[in-house]
Each structure stands twice: as structure tokens, then as C-alpha cells.
There are 2 protein chains.
Amino acid sequence: MFTLAEENYLKAIYHLEKDSKVGVSTNAIAVKLNTQPSSVTDMVQKLANKKALSYQKYKGSLLTKEGKKIAANVIRKHRLWEVFLVEKLKFQWDEVHEIAEQLEHIKSEELIKRLDVFLDHPDFDPHGDPIPDENGIIKPTEKKLLSELQKDQRGICVGVKESSTQFLQYLDTRNIGIGTTIKVIDKEEFDDSMTIQVGETKLHITDKIANNLYINTH
Amino acid sequence: MFTLAEENYLKAIYHLEKDSKVGVSTNAIAVKLNTQPSSVTDMVQKLANKKALSYQKYKGSLLTKEGKKIAANVIRKHRLWEVFLVEKLKFQWDEVHEIAEQLEHIKSEELIKRLDVFLDHPDFDPHGDPIPDENGIIKPTEKKLLSELQKDQRGICVGVKESSTQFLQYLDTRNIGIGTTIKVIDKEEFDDSMTIQVGETKLHITDKIANNLYINTH
DNA sequence: TTATTAATTTAGATAAGCCTAAAAATAAAA
DNA sequence: TTTTATTTTTAGGCTTATCTAAATTAATAA
Ligand SMILES: [Mn+2]
Ligand SMILES: [Mn+2]
Ligand SMILES: [Mn+2]
Ligand SMILES: [Mn+2]
């Protein structure tokens, strides 16, 4: 059994591991969890004892198979609850993360099984993030950043990379959401800004925006 | 703000206070929460500092207005979640308590407000217990114990006093639930057992059963 | 009313999860 | 390859929520 704090560490390390094959640094974990590096050292040593990750002094941490499974399951719960909050309780997509941070730690296999059924086995959360299955498997999806699109290319917005309230509300006011069709009208090489078409309206966006929107071009 | 542990103490004291106007004894709280009396002393002193209850050495504890409000709100959340689990996720009524014990501590006013709407403002939980409103008010309901009924009286089962899995499953196998009409066919003075009619079938029950079923005779 | 028993509190520990400050190891720069 | 800077760990503390054992107070019985 893993405590709430332990689950949060595993989840953080899971997200940080994503790209790098090399050990996740103690400092990176500390930044992500808003704690001190010394606290992280304590905890990763504990998690190493519990076989949830492998850890070598000064070399960082890597989740074990077991650790990955725990982390993926917490993420599964987080995202299923977010779907529930948006689909059933009619929350906005920028309001659900904090609550899901709490709900993801509720312990009951049966609860999640039934929630999944109740929500009709959703594949993605309200931010377009994929929901791992019961075994922690995430099926890969076709998507690229809007910034990677060329002039005149079009696609459907399938997710956000950032999901801060600020960014989500920015998108809301511009009528951009999951499912929205976006076409690149023009790209400015100098500052990587672009003009896009959303519905009837043209919009000029900075690279920061274009780097945080996932698009499916198929 | 109150911690999970503090909320559990307040809830326990709230339930224990129900009848007695006198202070709730330290030992009673310890028994209810399955802790040692010394732990209770520590905690009630802390809660007294936080103005959630009044406490005098050797005299027990009594919730303040504030303490009662916190407790009632936790109970409100517990019962709303139980309704959700049974009505929406199709859990049995004997399966929901443990999960609700966790869910009751999720912190979000908005969540509960919306859950209440989603469930269509239920007045009672799956065990027939009343759900306090946003102000912690519980409207009094007409009910008496089945054991208080006289021969030939009839009524509708509106709640259970005990709600252990064992008892709830006992009722399930005998087709007794909230809403079931029960008629007293006969009462045995010697051991307080009774014969009751449930649907087409007659059933002989002990005083222990009759003392744990709430009946509305109107 | 005194002696005994029961209830309650205090004292002192422990584990989890965090912190600050100092020491040690590694990485980067000169 | 030294020196310097950065990262990471260790040492020592703190808070919350527990516990056990001992002391104290209240209740009950003789
Ligand atoms: Mn989220
Ligand atoms: Mn999300
Ligand atoms: Mn319950
Ligand atoms: Mn209930």
C-alpha cells in the first residue's frame, strides 16, 4: 500500500521520466512537487526500499514496473474523475484539476471500475490527455504541436500541453477547445507567431500558444 | 481549516452528542474511533483551542456551533456520496460506507453543491439517514423502531439504525429494504421477538432485528 | 467516609513527511 | 587539471497523530 504522499511522488516521477531514459534528478522532483531536495531524497530512499523505484545516490530515480503501474493507476483515476466532473457535474475544464488531485487518492478498485463504466469507458480526459487502461497501458495517439504545422495545414485540436487555468480560459474566450478545427493561415519566421483560422475568425497567436496546443492532422 | 483526523473526531462527537446534553466522554470517543483515550485527550484539547468544541478536564467535550456545522457538513458529504454510489454507480447499500468515509473529506464547496444538484437534492441516503442541508440543518422525520409497533400495526421501512454489512445483507436476503411495507403479525412478550409480514411471506425476527429497523406508520 | 475501581490526563516515544543548514559529491569553468 | 559552482545527501528539528505506561482525578462500594 502506498500513502497519498508516496502516490504523488510516483506520479511526478512518472511524468518526468516520460522522455529521458536516464534517472530523474532529485532536484527535478523537488521542483515539480514544490518541496525541498532533501525531502525528495528521504522519500525516494523510502520508495526504493518499497521496490517502487530504483535509486542510486547522485544518480537519480527510475520507476520499477511496479512503480509505473501504481503511477499510471493514479493518473487513470485522476483523468476519469476529471471526465466525471466535466461530463456529469458540468464543471468547466479549467476547474477540475485541483479536485481531481484529491479524488485520485481514493482507494477502491471497484469504485474506479464502476466509474469507468458509468462514464462509458472514456479514452481521453477533458484536456485531451489519454486515460491509461486498468493495466496502465496508454495507447499512443497521433498528434503534433500546432507550432509544427506548416502554412495552409489544418487539423483538429485534440489536447493541451499546458493546462493552467489561465491558458484554458484564454482558449475559452477564443472558442478553441478539444475538437475545434484550426487552420494555419500564416507563419512568421522571425518570432514563430502564426495567424490561424478558428471557425469564421482569424486569430494571431504567439509561439507560446502554438507550442501548447496538440493537433491531429489526419 | 480542519484536517481529516479532526473532521473524523468532530463527526464522531456529533453522533455521540445526539442524545446526551452532557459532555461526551473521552472514553466514548476513543471507543467510537478505535483509538486510545490519551489520543482523544490530545485531540479534544487541540479542537478546543480551535473553538470547535468546549472541553473541561474530566468533564468531556461538547461541540460549539462552529464544530456542529463542520461535523454536519462532513456528514452531508458522506451521505451525498453514498447516494451517488448507489444511485449512479449501482453499488449495493452495504458496499458504500467505506468509500464514503474517504470521499467525505474531499474539499470543495462547489463539488458538493454540484453533486447535490446532479443527484436531484436527495433528502435521505441509501440507509434512510437524512442528509443535512448546506447549513447543517436536518429536518426531523417521523419514524419509530419496529420494536415499538403493536400487534397488527403496519408501516413502511424508512431506515436502519445499524448499518453493518452483516445486517444489511440479512435484510437483503429477506427482501427488506427502504420502502418495504412491514406488518406486525404477532409479538412475543417473553423475548420480544415478533412475527412480521413482508410482501407475501411471514417472518420471525428477534428483538435485535426489530430494534434496528425504523418504520414510518403514517 | 474511606478504600477500591474506573476514567482521564500527563509524560515520554514513535513514524510520516516535511524543513533548514551543513557536508559531500558531481559537474562546469578556468 | 585545478578551482568554483551546482547538485545531492546527511544531520538535526518540527508538526501531526498516534501509542504505552504512569500519575491523577472522579466515581463507586464497603
Ligand atoms: Mn488534471
Ligand atoms: Mn487533465
Ligand atoms: Mn455511511
Ligand atoms: Mn449511510
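Lettering of chains follows the sequences in order, A, B, ..., and the numbering in each one begins at 1.
Qualifying side-chain hydrogen bond (donor to acceptor under 3.5 Å, both in side chains) partners for A/Glu66, counting only residues two or more places apart in sequence or in other chains: none.
If you run side-chain hydrogen bond (donor to acceptor under 3.5 Å, both in side chains) between A/Glu104 and each of A/Lys11, A/Lys77, A/Arg76, only A/Lys11 comes through. No option in B/Leu115, B/Leu119, B/Val83 other than B/Leu119 meets the side-chain contact (heavy atoms from CB on, under 4.5 Å) test with B/Lys88. For the side-chain hydrogen bond (donor to acceptor under 3.5 Å, both in side chains) test with B/Ser193, the passing option among B/Lys187, B/His204, B/Glu188 is B/His204; the others fail.
Taking the six-membered ring for Trp, A/Phe84 and B/Phe84 have ring centres closer than 6.0 Å. Ring centroids of A/His127 and A/His97 are separated by 6.0 Å or more, keeping the two rings apart.
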(request) Encode nucleotides 3-9 of chain C as B, S and - characters from 5' to 3', where the letter depends on protein heavy atoms closer than 4.0 Å: B to the base, S only to sugar-phosphate, - to neither. (result) ----SBB

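Distances shown here put a side-chain N or O of B/Gln36 below 4.0 Å from the OP1 or OP2 atom of D/dT20.
Within residues 1-11 of chain B, no residue has any heavy atom under 4.0 Å from DNA chain C.
In summary, the side chains of A/Asn216 and A/Glu142 do not present any donor paired with an acceptor at a separation below 3.5 Å, with no hydrogens or angles considered.
Geometrically, B/Arg114 does not engage B/Phe118 in a cation-pi contact defined by less than 6.0 Å to the ring centre and at most 45° from the axis.
In this entry the distance linking CG of A/Asp42 with P of C/dA15 reads 14 Å, nearest Å.
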